[in-house]
Structures are given as C-alpha cells and as structure tokens.
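Convention: sequence-line order gives letters A, B, ...; per-chain numbering from 1. This structure is a prediction, so every number in the text was calculated from the model and none was measured.
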Protein chains: 4
Amino acid sequence: MSRLSEKRKAAVESMMKEAIYEAAVKILLHQGLDGLTMERVAEAAGMAKGTLYNYFQDKKSLQLYIFARVSEPFNQQLSAIRRSTVSPKEKLVKIMEVIFLGFEKNRQILVILSGGRIHNLKEYSMQLAAIPEFSDCKATKEPIGKVIESVVLEGIQAKQFFAFDPKLATDLVLGAITSVIDRQIQDNLPRATEENIAQLIRFLMEGLMKA
Amino acid sequence: MSRLSEKRKAAVESMMKEAIYEAAVKILLHQGLDGLTMERVAEAAGMAKGTLYNYFQDKKSLQLYIFARVSEPFNQQLSAIRRSTVSPKEKLVKIMEVIFLGFEKNRQILVILSGGRIHNLKEYSMQLAAIPEFSDCKATKEPIGKVIESVVLEGIQAKQFFAFDPKLATDLVLGAITSVIDRQIQDNLPRATEENIAQLIRFLMEGLMKA
Amino acid sequence: MSRLSEKRKAAVESMMKEAIYEAAVKILLHQGLDGLTMERVAEAAGMAKGTLYNYFQDKKSLQLYIFARVSEPFNQQLSAIRRSTVSPKEKLVKIMEVIFLGFEKNRQILVILSGGRIHNLKEYSMQLAAIPEFSDCKATKEPIGKVIESVVLEGIQAKQFFAFDPKLATDLVLGAITSVIDRQIQDNLPRATEENIAQLIRFLMEGLMKA
Amino acid sequence: MSRLSEKRKAAVESMMKEAIYEAAVKILLHQGLDGLTMERVAEAAGMAKGTLYNYFQDKKSLQLYIFARVSEPFNQQLSAIRRSTVSPKEKLVKIMEVIFLGFEKNRQILVILSGGRIHNLKEYSMQLAAIPEFSDCKATKEPIGKVIESVVLEGIQAKQFFAFDPKLATDLVLGAITSVIDRQIQDNLPRATEENIAQLIRFLMEGLMKA
DNA sequence: TATGAATGAGCATTCATTCAT
DNA sequence: TATGAATGAATGCTCATTCAT
C-alpha cells in the first residue's frame with residue numbers, strides 16, 4: 001500500500017512539475033525572462049500561485065529545473081555520440097543532426113533564461129551542480145561545448161580536420177548551428193528542413209575538413 | 001538669436017542624451033537588463049532621476065535609443081561595403097572584419113537588450129521605424145542581416161559561392177562570428193586575436209567558396 | 001455501548017488535544033508566536049495539518065486552549081490558598097512559592113501568546129469565558145491577579161500590611177516575581193534557587209532598605 | 001545655499017521619520033507586533049507605502065529605530081543619575097521617579113517589539129550596536145538593567161541595603177515598577193498618580209509588611 | 001477520521017513615473 | 001530645466017484554511 005501510494009504520489013508530483021515546466025516554458029518563449037512571473041506561471045498551468053510552491057521551493061528553483069530539463073536530453077545524446085567509435089567526421093555529423101532535430105526550442109529557452117548574458121548559464125550549471133538531485137546529470141558534468149570540443153580535438157589529432165584552435169572551432173560550429181535555429185524560431189518556421197540541414201553540414205564540413 | 005539658442009539647446013540635449021546613453025550601456029553590460037533601473041542610470045550619468053525624463057519620454061524610449069545608437073555605426077559601415085564595387089568574396093571578408101573589430105561590445109548589448117529573445121530586436125526595429133526621428137536610419141532600413149544576405153546573393157549569382165539558400169548562408173556566417181565574440185566576452189578576453197580572425201575567415205571562405 | 005464508545009471517543013479526543021497542545025507549546029517556546037504555524041504544529045505533533053482542524057476549529061481556538069491549559073493549574077492552587085484559613089502573610093508566602101515553583105515556563109508561554117501585550121491576555125480571558133466548555137474554569141472566574149488582590153486586601157484589613165492600594169500592591173508583588181522568573185528564563189537558568197526565593201520573600205516582606 | 005538646503009532636508013527627513021515613528025508606535029500599541037505592517041504604518045502616517053522606504057531601508061530598520069528611540073531618553077537620564085554623587089538610596093528613588101514618569105508607554109512598546117520574548121531585545125541591542133549611527137548610544141552601552149544593578153551594588157557595599165544578590169534586586173525593582181506601569185496602560189489610566197509613586201517607593205524601600 | 005494538496009489573501013519590497021519646488 | 005520625494009502597481013513568497021480522497 002505504502003509502496004503504491006508512494007509511487008502514485010511520485011507520479012502526480014512528476015505530472016505537476018511537468019505541467020508547471022511547460023507553462024513556464026511557454027511564458028519564457030512568449031514573454032521573456034521578465035515576463036516569467038509566478039502569477040503567470042500559475043495561471044498558465046491552471047493552478048493557484050501557492051500551489052507552485054508545493055513543487056518548487058522558489059522561483060530560482062523553477063528556473064534551475066527548466067535549465068536542467070532543457071539541457072539534459074541533448075547532453076545525454078551528445079555524450080553517447082562522444083563515446084561511440086565512429087570517425088570524428090561522422091561524430092560531428094551526428095552531433096549536428098542531434099542538435100538540429102532537438103535543439104530548436106531548447107536553445108532559445110536557454111538564451112532567454114540567461115537574460116542574454118551567457119555568463120548566467122555558467123551560474124545555472126554551478127548552482128545545479130550544488131543540488132544533490134542534479135549533481136550527476138550530464139548538463140553539469142559534460143556540457144555541450146565540451147563534447148564538441150573533444151570531438152574537434154580528436155579530428156585534429158587524427159589529421160582529419162584543419163589545425164584549428166579547438167575552442168574556436170567549437171564556437172564556429174555551435175554558433176553557425178544555433179544561429180540557423182534562432183532564425184527559424186524568429187520566423188516562426190516549424191523546424192529546419194532536411195535541405196537546410198544538409199547544406200549546413202556541407203558548409204561546416206567543407207570548411208572544416210582537409211581537402 | 002533664436003537660431004543660436006536653438007542650436008545651443010540642441011547641443012546640450014545631445015550631450016545629455018550621450019551621457020545617459022553611456023551610463024545605461026555601462027549598467028547593461030555589468031548588471032544586465034534587470035539591473036537597468038532609472039535610478040541607477042541617473043546616478044551613473046550624474047544627474048537626478050527626474051532629469052532623465054526630460055530627455056527620454058520613458059524607459060522604453062531610452063532602450064530604443066540605445067538600440068538605435070548601438071546598431072547604427074555597423075549598419076553605416078556595412079551599407080558602405082555593400083555599395084562598394086569589390087568582389088562578393090572581398091565584401092564578405094571586409095564585412096567580417098568590420099563586425100569583428102567593432103561588434104564585440106555592441107552585439108553583447110543587443111543580446112542583453114533583447115533579453116535573449118531575438119524577436120525583441122525585431123520589435124525594437126519596428127518601434128524605431130515608427131518614430132519619425134529614427135525612421136530613416138540604417139538600423140531600420142538596412143539591418144545587418146539584409147546586407148550580408150545581399151552580398152551572399154551577389155556571390156551566388158556571380159557563381160563565386162555555392163548555391164546556398166541566401167538566408168541560410170547569412171545565418172551561418174553571422175552565427176559563427178557572433179558565437180566567437182560571445183565566447184570572448186564570456187571568457188573576458190580583451191578582443192579577438194588576428195589569428196582567430198584569420199582562422200574564422202578561412203573557415204567561412206573554404207566552406208562557402210567553390211573549390 | 002453508545003456510552004462506552006462515547007467515552008473512548010472522548011479519551012481519544014483528549015489525547016489528541018494533549019499532543020497538539022504539547023507540540024504547540026514547544027514551538028511557542030522555541031520559535032515565538034510568529035513561529036507558531038499550523039504546519040509546524042502538525043509536524044511536531046506527528047500528524048497532518050488537516051487533522052489539527054478536527055480538534056481545533058481554527059488557530060485562534062488552539063491558542064485559547066493553550067491559554068486555558070497554562071492558566072488553569074495555578075488558578076486552581078491559588079484559589080485553594082485563598083480559601084484556606086492561614087494568616088494573610090502566610091497566604092502570601094505560599095502564593096509566592098506556588099508561583100515560583102510552577103510559573104516559570106508557563107508565564108513565559110503566556111507572555112509569548114500575548115505577543116507582549118498584556119491586553120491580549122484579557123482578550124483571551126474574555127473569549128474563553130464566552131466558550132461554554134471553558135466558562136467555568138478558574139482562569140476565567142478567578143484570575144491570578146484577583147486572588148493576590150484579595151489576600152492583600154485581607155492583610156490590610158487585618159492591619160498586617162501597610163495601607164497600600166490593593167491593586168497597586170498586587171502589581172508590585174506579581175511584577176517582582178515574574179521579573180525574576182523572566183530573568184532566569186532569559187539567562188537559561190534551570191529554575192530559581194531556594195536562596196533566590198528566600199530573598200524575594202524577604203524583599204517583599206521587608207523591602208530593600210535596612211532598618 | 002547648499003548649507004541651508006542640506007539643513008532643511010535634514011529637518012524634513014527628521015520630521016518624516018518622526019511621523020513614521022509615531023504611526024508605527026500607535027500601531028504597535030493597538031495591534032501588536034503582528035499588526036505592524038508597512039501598509040498600515042504608511043496609512044497611519046498619511047503617506048504611501050513606497051515612501052516609507054525612502055526613510056527606512058526595510059521593516060527591520062524601522063523596528064530598530066523604534067527600539068533606539070524608545071530606549072535612548074531613559075538611558076540618558078539613568079546614566080546621569082548613576083554618575084551623580086547622592087546616596088544610593090536617593091539614586092534609587094530618583095531612578096524610580098524617572099522610570100515612572102517616562103517609561104509608561106515606552107516599556108510597553110519594548111515588550112511588544114520583543115514579541116514577548118525578552119531575548120529579542122538583546123538582539124535589538126546587538127543589531128543596534130552594529131549600526132554606526134547608533135553604536136554609541138546609551139541603549140547600547142548602558143542598558144537600564146546595568147544602571148540599576150550598579151546602584152544596588154553601591155547601596156549594598158555602603159551597607160545601606162540588605163545583602164541581596166544585585167541581579168536579583170535589580171529584577172525585583174524593575175519588575176515591580178514595570179508591572180505597575182503595565183497595569184496602568186492595560187486599564188487605560190493616563191499615568192501613575194503621585195500617590196502611587198510614593199507607595200511604590202515605600203514598598204521598595206520598606207517592603208510590604210508592617211514592622 | 002486522517003491526509004496533504006490546493007487555494008488565495010496578505011505581506012515586504014522594488015521601481016517606473018509624476019510633480020511641486 | 002533640474003531635482004528627488006511621493007506614489008502605487010507589481011512581484012515573490014507565506015500560511016491559515018478547505019476539501020477530495
């Protein structure tokens with residue numbers, strides 16, 4: 001009995017957090033970080049203000065949760081790609097596909113959460129690492145930049161890539177990708193077309209690869 | 001007399017706006033959009049809170065002014081490059097240099113002003129266009145993206161570039177550049193090294209150019 | 001059957017109220033009136049928040065109950081002393097002993113409950129008197145002050161005491177006693193020493209000055 | 001000019017603080033510490049909520065200010081009496097007069113401010129001592145209890161008083177006095193009568209019992 | 001009867017904006 | 001024109017109370 005009811009409680013808690021998370025994300029996307037008031041989140045999630053505080057200690061906790069939720073799936077996938085045994089070039093292509101297919105809305109959310117100051121994302125990471133519940137998630141231990149950087153480094157060492165500064169190359173790759181995503185969100189396009197993705201990959205590859 | 005005093009008045013107004021602008025930018029950079037309170041701006045500009053309202057109708061107007069001021073010089077330079085007669089490839093190199101050498105702090109400000117939501121920058125542009133005083137400035141009529149897009153288009157038509165979707169190519173170029181700049185601001189590096197710029201240009205060119 | 005189950009019910013109710021009362025007192029003593037939240041009381045009493053409301057209509061009722069419980073035993077003892085047949089002086093000494101030995105924690109609770117405003121204790125008394133369940137308890141009918149006052153009056157009429165205003169003398173006696181108790185609680189001393197009590201009695205009896 | 005306007009400003013600030021102080025005291029007396037909301041203070045002081053914050057950083061600061069204001073005058077007078085050269089007995093009589101004539105409402109306020117937990121007054125003192133503006137006021141350096149204690153000690157050493165424990169004697173004296181005051185506030189009497197004061201002094205000096 | 005999630009009124013505090021001087 | 005005190009709407013958060021299970 002205790003078992004079952006505990007499971008049920010956990011499930012309910014999970015659903016509530018999910019509902020709150022989705023409401024908060026919708027608001028972040030439409031009204032920005034400033035527009036993210038607990039009042040609005042509550043209304044969008046169809047509950048009273050006070051109820052939010054049964055699931056998140058305070059607003060900061062909710063933001064951290066969003067950060068973790070948004071970061072985690074990519075970091076999981078990217079981490080898997082990093083550890084796979086294909087060539088650096090293939091890794092990079094896979095990484096770009098993953099990012100493209102899943103990163104659209106999520107990157108936007110991260111940028112909004114940071115209030116435009118990327119430095120803030122670092123703080124989120126650090127604060128996340130300080131919470132036991134999240135201290136071992138990928139977002140904390142293997143951020144996306146690190147993964148790309150290690151693949152680029154691998155490619156350079158394998159003489160498959162030009163001898164770029166790995167950090168620089170990482171920024172170029174990430175920057176180009178996310179810029180395209182931003183544009184699509186900005187223009188309200190549903191998502192990147194296959195054609196766009198192919199072009200992006202060719203662009204990055206032919207700029208990065210030795211002839 | 002009336003003429004002279006009007007001129008003097010205009011000059012004083014100009015200087016006050018300049019002081020307020022600089023104070024606001026300093027605050028944006030150090031404390032973010034949330035930290036931009038009229039109180040702080042007034043103090044940093046060495047005047048009283050109420051005085052701000054003699055030069056800017058409200059906070060929104062101040063933000064719009066910052067947007068215009070930050071956007072304008074680039075748009076001026078980029079517009080000139082666009083109208084010059086060198087090859088598309090050379091135009092692109094020049095554009096990247098301009099962006100790199102002057103865009104560092106300014107891009108950061110724009111991202112902060114937008115609260116991370118690029119959509120907001122569009123709104124700034126539209127609201128700016130609605131103000132007679134600013135309706136004909138470059139930021140409104142020839143935003144940076146448009147300029148790059150036209151150069152890319154020119155390159156494609158001249159068969160110097162791959163047949164990319166021009167919007168896509170624009171995003172790739174801008175995204176890669178700004179990503180590198182973000183990193184430098186994030187890491188508190190003074191500015192991009194010549195070597196970095198060269199690498200970036202090579203990356204973009206060898207990815208973009210026909211063999 | 002009905003009788004028995006009613007008795008059992010009453011016993012259970014009594015035990016629950018007792019548990020709640022003890023939890024509430026512990027919290028009052030450690031965290032003050034502000035710290036007395038229903039949440040905390042429930043947790044300290046080992047039950048759910050909602051359960052409290054099966055035994056007390058609302059928070060005010062719980063506070064009233066605490067007031068009654070804390071006041072009652074003294075009032076019982078004091079009432080007995082008042083009705084005894086010893087001399088006024090002996091009555092006074094007994095009263096002081098009773099107060100001293102049992103009033104320490106309880107007075108502290110009353111002061112906390114009243115939020116420092118003695119006026120509030122009057123309100124408690126009045127509200128208590130309005131509740132049938134409590135209308136005939138000593139706290140209502142024979143408050144501590146009245147008892148001392150009557151003894152002082154008796155002493156004066158018997159020419160054993162100076163011709164003080166009885167109300168004034170009552171206040172002097174009570175004030176001196178409770179002040180000593182406050183100090184001991186404040187300094188975290190376990191309880192008054194015999195020596196202290198003897199000194200207090202001598203002080204009340206003979207004053208501060210040597211003959 | 002600067003001088004004059006600074007003086008005027010200081011005067012206005014002073015008056016505002018005074019008005020707020022008085023409003024807050026009235027509320028403390030009528031509705032207790034819980035009833036002391038910034039909203040109510042603002043309304044009672046005839047100003048907007050936000051205005052309070054131009055004069056007091058936060059609610060805690062307002063409470064500290066009240067504590068300082070209420071404590072200071074007594075401590076000043078008592079300190080002077082302590083340093084005077086009359087006999088211990090005369091000092092004590094003077095002290096009681098001072099307390100009686102000025103301490104009525106003020107003691108009540110202190111008790112309310114402390115929420116019934118005298119320990120809190122200690123905290124006020126410590127926090128007050130940490131504020132440069134108040135660090136050297138008597139309330140911090142020479143609290144009322146210390147003054148009485150030193151006089152009692154002096155009396156005992158001069159063999160004018162019984163050999164009481166000085167701390168105990170202090171508590172007895174202070175307790176008796178404040179109890180009488182409490183009663184008067186409680187009963188809404190304007191202030192102690194001369195007769196009452198005389199009786200109190202006699203009581204403290206000679207005790208309750210006839211020789 | 002027991003539970004504890006949901007509710008929403010109430011509070012401290014911030015800040016854009018106004019306006020008397 | 002410059003000033004800065006006054007304003008009050010808005011926000012994060014707490015907690016007594018209710019009620020479906």
Among E/dG4, E/dT17, E/dC11, which is the nearest nucleotide to the side chain of D/Arg40? E/dC11
Rounded to whole angstroms, how far apart are CZ on A/Phe56 and P on F/dG12? 15 Å
Taking CG from D/Leu52 and C1' from F/dG8, how many angstroms apart are they, rounded to a whole number? 12 Å
It should be established whether A/Asn54 places a side-chain nitrogen or oxygen under 4.0 Å from OP1 or OP2 of nucleotide E/dA5. no
In chain order, what residues pass the salt bridge (Lys or Arg N to Asp or Glu O under 4.0 Å) check against A/Lys59, with sequence neighbours excluded? none
Identify the nucleotide, in any strand shown, that forms a Watson-Crick or G-U wobble pair with F/dA9, with both distances under 3.5 Å; if there is none, say none. E/dT14
What does C/Leu62 touch in the nucleic acid at a heavy-atom separation under 4.0 angstrom: a base, only the sugar-phosphate, or nothing? nothing
Reported CD1-to-CZ distance for the pair A/Ile109 and A/Arg69, which is rounded to 0.5 angstrom: 10.0 Å
To the nearest 0.5 Å, how far apart are OG in A/Ser125 and CG in A/Leu64? 9.5 Å
Hey, can you tell me if A/Phe67 and A/Tyr124 have their rings parallel, tilted or perpendicular (30° and 60° cut-offs)? parallel
Please compare A/Asp58 and B/Met16 by the position of their nearest nucleotide in DNA chain F and report the one closer to 5'. B/Met16
By the Watson-Crick or G-U definition, both distances under 3.5 Å, F/dT21 is matched with E/dA2
Figure out the CE/P separation between B/Met38 and F/dG8, and round it to whole Å. 20 Å
May I ask you to say what B/Thr51 touches in the nucleic acid, namely base, sugar-phosphate or nothing, with a heavy-atom cut-off under 4.0 Å? base
Among F/dA6, F/dT17, F/dA10, the nucleotide that comes nearest once only the side chain of D/Lys49 is considered: F/dA10
Of D/Gly50 and A/Gly46, whose nearest nucleotide on DNA chain E comes first from the 5' end? A/Gly46
Would you please confirm or rule out a distance under 4.0 Å between OP1 or OP2 of F/dA6 and any side-chain N or O of D/Tyr53? no
Between B/Glu13 and C/Lys60, the residue closer to the 5' end of DNA chain F by nearest nucleotide is B/Glu13
Regarding B/Lys59, tell me which of base, sugar-phosphate or nothing describes its non-hydrogen contacts under 4.0 Å with the strands shown. sugar-phosphate
How many Å lie between CD on B/Gln31 and P on E/dC15, as a whole number? 11 Å
How is D/Leu36 classified with respect to the nucleic acid when contacts are heavy atoms under 4.0 Å: base, sugar-phosphate, or nothing? sugar-phosphate
Gap between atoms CD and C1', on D/Gln57 and E/dT13 respectively (whole Å): 11 Å
Indicate, with a heavy-atom threshold strictly under 4.0 Å, whether C/Tyr55 touches base, sugar-phosphate, or nothing. sugar-phosphate
What is the separation between atom CG on D/Asp34 and atom P on F/dA16, rounded to the nearest whole Å? 10 Å
Let's go through B/Glu43 and B/Lys49 carefully: what are the C-alpha distance in whole Å and the side-chain angles of both, what is the deciding distance for salt bridge (charged side-chain N to carboxylate O under 4.0 Å, His left out) to 0.1 Å, and is it a yes or a no? CA-CA 8 Å; B/Glu43 194 199 328; B/Lys49 218 179 343 176; over 6 Å; no
Tested for side-chain contact (heavy atoms from CB on, under 4.5 Å) against A/Ile20, the lone hit among A/Thr51, A/Asn54, A/Leu62 is A/Leu62
Protein-nucleotide distance (D/Ile20, atom CD1; E/dA12, atom C1'), rounded to Å: 15 Å
B/Leu33 CG - E/dT14 P separation (whole Å): 19 Å
